[in-house]
2 protein chains.
Amino acid sequence: MAALDLLGRRGALRIVWELREARVLTFRALQAAAELPPGTLNTRLAELRAADIVAVDGGYRLSSRGADLIIALWPLLRWSEDWASALET
Amino acid sequence: MAALDLLGRRGALRIVWELREARVLTFRALQAAAELPPGTLNTRLAELRAADIVAVDGGYRLSSRGADLIIALWPLLRWSEDWASALET
DNA sequence: AGAGGCGCTTCATTTTCTGTAGCATCGCCG
DNA sequence: CGGCGATGCTACAGAAAATGAAGCGCCTCT
């Protein structure tokens with residue numbers, strides 16, 4: 001479960017999420033969107049780049065593997081919406 | 001993305017994973033399976049119980065919402081297998 | 001009584017995260 | 001050219017979290 005270990009680090013899933021739909025964000029924009037301090041963001045980005053999930057190409061974007069990841073994440077996101085609305089009641 | 005925040009904590013996804021297929025584990029068995037020290041496990045279990053993902057019923061098991069989560073996790077697990085085998089090459 | 005399993009708790013150490021500040025670089029505009 | 005704003009990213013001190021080992025109190029079974 002190495003992948004779960006990587007994605008289970010603070011902010012990792014959030015970064016991937018913010019780069020959904022082929023978004024290209026600058027370091028600072030990503031920092032604002034993911035609500036992470038620069039040090040953490042930079043550490044996380046290094047790991048995600050090493051894992052070939054995030055690519056740098058005129059800003060940060062998902063690699064093709066990262067795009068697959070977003071697709072695989074869809075059911076989880078659906079679940080989290082249901083979960084959030086269920087908790088409100 | 002409160003759910004992602006919760007699941008993005010160390011060991012959280014791993015705990016859910018170890019409870020897949022309606023498994024019922026004792027605290028110590030879960031500790032061994034998830035490779036977590038008791039303090040961390042206990043903290044995480046408290047969060048997961050508060051989120052109604054894990055239930056205590058003669059041991060730790062997934063709640064019905066937790067079972068839904070496992071299903072939603074399937075594509076991600078598939079992706080992580082592909083990812084792991086791709087990294088080996 | 002003793003042995004073993006149980007769910008935790010405690011504690012000291014190490015690791016990680018946070019938040020602010022700021023550096024060096026680049027492109028743009030007058 | 002000289003400044004201006006934005007960029008990616010580093011530095012640092014303090015806070016928070018995780019780690020690993022030890023062990024407590026409780027229960028059950030022999």
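Every chain is numbered from 1, with letters handed out A, B, ... down the list of sequences. Predicted model only: the values in this text are computed from it and were never measured. All values below were derived from every heavy atom in this structure, side-chain atoms included, with hydrogens, water molecules and symmetry-related copies excluded.
Exactly one of A:L77, A:V16, A:I53 qualifies for a side-chain contact (heavy atoms from CB on, under 4.5 Å) with A:I70. That residue is A:V16.
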Before you tell me yes or no, could you show the steps for B:L69 and B:L62 under side chain to side chain contact (heavy atoms under 4.5 Å, CB included), namely the whole-Å CA-CA distance, both residues' side-chain angles and the distance that decides it to 0.1 Å?
CA-CA 9 Å; B:L69 172 57; B:L62 293 180; over 6 Å; no
Verify side chain to side chain contact (heavy atoms under 4.5 Å, CB included) between B:E35 and B:R14, making sure each step is shown before the conclusion.
CA-CA 9 Å; B:E35 297 173 294; B:R14 180 72 181 269; 3.0 Å; yes
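Closest non-hydrogen pair, B:F27 versus B:L41, comes out as O-CD2, 3.5 Å. In this structure, A:V56 and A:R49 approach most closely via the heavy-atom pair CG2-CD, 3.2 Å. Residues A:L25 and A:A33 approach most closely at CD1-CB, 4.5 Å, considering heavy atoms. For the pair B:Y60 and B:T26, the tightest heavy-atom approach, listed with the atom from each and the gap, is CD1-C, 4.4 Å.
Listed by first and then second residue, the salt bridge (charged side-chain N to carboxylate O under 4.0 Å, His left out) pairs involving residues 65-80 of chain A are A:D52-A:R65 (not counting sequence neighbours).
What separates CG of A:L41 from P of D:dT10 is a distance of 11 Å, to the nearest Å. Spacing between atom CG of B:D5 and atom P of D:dA17 amounts to 11 Å, rounded to whole angstrom units. Rounded to whole Å, atom P of C:dT18 lies 12 Å from atom CZ of A:R14.
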For nucleotides 15-17 of chain C, list the nitrogen or oxygen atoms of the protein found under 3.5 Å from its nitrogen or oxygen atoms, one pair per line.
from   : atom 1 : to    : atom 2 : distance (Å)
C:dC17 : OP1    : A:R44 : NH2    : 2.4
C:dC17 : OP2    : A:R44 : NH2    : 3.2

Are any protein N/O atoms closer than 3.5 Å to N/O atoms in nucleotides 5-8 of chain C? If there are, list each pair with its distance.
from  : atom 1 : to    : atom 2 : distance (Å)
C:dG7 : OP1    : B:F27 : N      : 2.6
C:dG7 : OP2    : B:F27 : N      : 3.0
C:dG7 : OP2    : B:R28 : N      : 3.0
C:dG7 : N7     : B:R28 : NH1    : 2.6
C:dG7 : O6     : B:R28 : NH1    : 3.0
C:dC8 : OP2    : B:Y60 : OH     : 2.2
C:dC8 : O5'    : B:N42 : OD1    : 3.3

